**Student:** 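I'd like to ask some things about the structure below.
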Amino acid sequence: MRIRFGRVRSDFTRFMMSYQFGMAELMTKINILKDEFTHIHKYTPIEHVSSRLKSPESIMRKALRRGLDFTLEDIRANLTDIAGVRITCGFIRDTYKVAELLISQSDITVLEVKDYIENPKPNGYKSLHLIVEVPVFMSDRKQSVCVEVQIRTIAMDFWATLEHKIYYKYDRAIPAPLLEELTDAAEAANKLDLKMERLHDEVAKFKAEPVSIDEQVAPPLPSELLELLTHQQRNSD
């Protein structure tokens, strides 16, 4: 019995480690993209990256709600959000840009895409969700691991974070008036996203416009030249 219990504990530890490693693998890819854009392009569509791993208790509760068998194989096959990565972007177009960059990598397999930005949930929730599979190379095997990726703007993330807190405070049963206000707040966040993106485009357009000669500011004259001109002016006087 002790040997069997030790085997179960070892298998579960390896099971959790595979998700931890898969999440770390994806985080490395995202941070490489962020650093490349920052240093090469002087701009990055990625503002912030975070990750989370479900606790064993949370995994078991979800498996129970889904009516799954309590086997690692069944849990692995049916729960795709054990490991999660959240990417926060500055603008709506950046969310799609980041998704495109991830999907294009040869060792990432996309299993599912849910576009809640184009098609928000009834409560106003907006985010781009990807379920991807990444390879994890362990000492004795190659394990494909599912990771849920959520890509949002800063405004979307702010709204979703507060909604999540309210959701659990009311034990998933949010009163109708409050739910209506949350939906209105989601629409306000979307309007802010659109306005900031428009302002960003206006600034980019302004920077790209050529400046006329009259508008250009002349560079300061070297001190030696200034001193020579001043000396000649004194002599002529």
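What you are looking at is a predicted structure, and each value in this text was computed from that prediction instead of being measured. Throughout, numbering of the chain's residues begins at 1 and tracks the sequence.
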**Student:** Distance check, rounded to the nearest 0.5 Å: Met16 atom CE versus Leu53 atom CG?
**Tutor:** 4.0 Å

**Student:** Not counting sequence neighbours, list each pair that qualifies as a salt bridge (Lys or Arg N to Asp or Glu O under 4.0 Å) and has a residue in residues 124-149.
**Tutor:** Arg14-Asp140, Arg52-Glu148

**Student:** Is a side-chain N or O of Glu163 found less than 3.5 angstrom from the main chain of Tyr125, in a donor-acceptor match?
**Tutor:** no

**Student:** Within the supplied structure, the quantity of interest is the number of heavy atoms (other residues, nucleotides, ligands) at a distance under 6.0 Å from Lys191 NZ; does it exceed 12?
**Tutor:** no

**Student:** Going by the rule side-chain hydrogen bond (donor to acceptor under 3.5 Å, both in side chains), which residues pair with Asp184 if we only count those two or more places apart in sequence or in a different chain?
**Tutor:** none

**Student:** How long is the straight-line distance from NZ of Lys34 back to CD1 of Ile87, given to the nearest 0.5 Å?
**Tutor:** 10.5 Å

**Student:** Should Tyr43 and Asp94 count as side-chain neighbours, where that means a heavy-atom distance under 4.5 Å?
**Tutor:** yes

**Student:** Is the backbone of Leu182 close enough, under 3.5 Å, to the side chain of Trp159 for a donor and an acceptor to pair up by distance?
**Tutor:** yes

**Student:** What pairs with Asp115 under side-chain hydrogen bond (donor to acceptor under 3.5 Å, both in side chains), at least two apart in sequence or on another chain?
**Tutor:** Tyr96

**Student:** Is the backbone of Thr88 close enough, under 3.5 Å, to the side chain of Asp157 for a donor and an acceptor to pair up by distance?
**Tutor:** no

**Student:** Which value, rounded to the nearest 0.5 Å, describes the distance between Asp193 atom CG and Ile154 atom CD1?
**Tutor:** 8.5 Å

**Student:** Do Val149 and Val132 have side-chain heavy atoms sitting under 4.5 Å apart?
**Tutor:** yes

